[in-house]
Amino acid sequence: MRNPLNALCGVTFIVDYKGFGMRTLFEHTPGRVKIFVESLLGSPLRFKGFHIVNHPPVFSVIFNMAYPLLPKKIRDRLFLHPNDNWKSLHSQVPADILPEQYGGKLKQSSMINALEDIPELDKHYLKQMQFGSLKNRHLRQSMRVISA
């Protein structure tokens, strides 16, 4: 969030469910999904897309039930990709900017590790979340439990 280039161009996320079990998948409760979506909508970043890959088959059922409840802004940027040798993902995101593990051309060594300084990132995130309207105050307080 501190990089001004991200604020101008926006960010694209690839959410990879490889290795997630059923127990972990069912941690996506409606309340947590709601908090996540409202945090996205209130974020200063421009979200260009969320691409979900390597998801278990049951995820499609959960996704189809939750999808109509999401705001149109999020629905237009949320993509569920089947396991089709990355053809679906490459139709949305150019291979030039994807890591090799997703059939792209970027080497792992040339990528930035966004999680290398977790304590500093946590402090920055909590500082960003301390302000806002009274309308979303309960959301900020509930996030304190998750991120503390």
Side-chain angles (χ1 to χ4, degrees), residues 1-67 69-132 139-140 142-148:
M1 289 186 350
R2 292 181 276 181
N3 186 337
L5 189 58
N6 290 338
L8 287 172
C9 299
V11 294
T12 299
F13 288 96
I14 296 176
V15 181
D16 191 344
Y17 276 89
K18 186 176 184 177
F20 276 68
M22 292 299 287
R23 183 171 180 247
T24 308
L25 185 65
F26 287 115
E27 292 293 321
H28 293 52
T29 63
R32 287 184 179 164
V33 170
K34 183 178 185 221
I35 289 172
F36 177 71
V37 169
E38 288 179 352
S39 296
L40 293 178
L41 293 173
S43 172
L45 286 175
R46 293 181 57 220
F47 294 98
K48 305 295 273 185
F50 291 90
H51 300 273
I52 301 171
V53 298
N54 294 323
H55 54 84
V58 72
F59 187 81
S60 297
V61 174
I62 296 167
F63 179 82
N64 289 334
M65 289 181 352
Y67 187 80
L69 304 174
L70 296 171
K72 182 174 177 8
K73 182 178 179 180
I74 299 295
R75 284 193 317 254
D76 291 345
R77 296 177 177 142
L78 187 60
F79 305 96
L80 194 63
H81 297 284
N83 294 332
D84 62 356
N85 291 326
W86 310 117
K87 290 178 189 172
S88 175
L89 181 62
H90 290 182
S91 71
Q92 299 280 330
V93 182
D96 293 341
I97 62 170
L98 285 171
E100 290 176 323
Q101 72 187 75
Y102 301 115
K105 297 178 181 176
L106 280 181
K107 301 243 182 263
Q108 187 68 30
S109 60
S110 68
M111 296 177 63
I112 297 170
N113 182 1
L115 301 176
E116 70 185 18
D117 194 3
I118 298 283
E120 183 183 327
L121 292 171
D122 279 346
K123 286 178 191 174
H124 178 73
Y125 177 75
L126 291 172
K127 184 177 179 183
Q128 292 293 324
M129 293 297 288
Q130 72 183 345
F131 300 106
L139 292 174
R140 292 191 315 277
S142 66
M143 291 299 283
R144 191 175 313 157
V145 174
I146 294 170
S147 60

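All values reported here derive from a predicted model rather than from experimental measurement.
Interatomic distance, CG of L89 versus CG of N83, reported as 11.0 Å (0.5 Å rounding). I14 CD1 to Y102 OH: the interatomic distance, rounded to the nearest 0.5 Å, is 6.0 Å. Within the model, atoms CG of L80 and NE2 of H51 stand 11.5 Å from one another, a figure rounded to the nearest 0.5 Å. Rounded to the nearest 0.5 angstrom, K87 NZ and H81 NE2 are separated by 15.0 Å. The CZ atom of F59 sits 10.0 Å away from atom CG of N64, with the distance rounded to the nearest 0.5 Å.
Partners of Q92 under the side-chain hydrogen bond (donor to acceptor under 3.5 Å, both in side chains) rule, at least two apart in sequence or in another chain, do not exist in this structure. For the side-chain contact (heavy atoms from CB on, under 4.5 Å) test, residues two or more places apart in sequence or in another chain that qualify with L106 are S110. Not a single side-chain hydrogen bond (donor to acceptor under 3.5 Å, both in side chains) links S91 to another residue, sequence neighbours left out. The side-chain contact (heavy atoms from CB on, under 4.5 Å) test applied to V15 returns Y17, I52, not counting sequence neighbours. By the salt bridge (charged side-chain N to carboxylate O under 4.0 Å, His left out) test, D84 is found to be paired with no residue, residues two or more places apart in sequence or in another chain being considered. Applying the side-chain contact (heavy atoms from CB on, under 4.5 Å) criterion to Q101, with sequence neighbours excluded, gives D16, P99, Q108.
Contact of the F47 side chain with the I74 side chain is not registered, since no non-hydrogen atoms from C-beta on lie closer than 4.5 Å.
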**Request:** Dump the intermediate steps for side-chain contact (heavy atoms from CB on, under 4.5 Å) on E100 and K107, then the final yes or no.
**Result:** CA-CA 6 Å; E100 290 176 323; K107 301 243 182 263; 3.0 Å; yes
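Nearest heavy atoms, G103 versus A95: O-CB, 4.1 Å.
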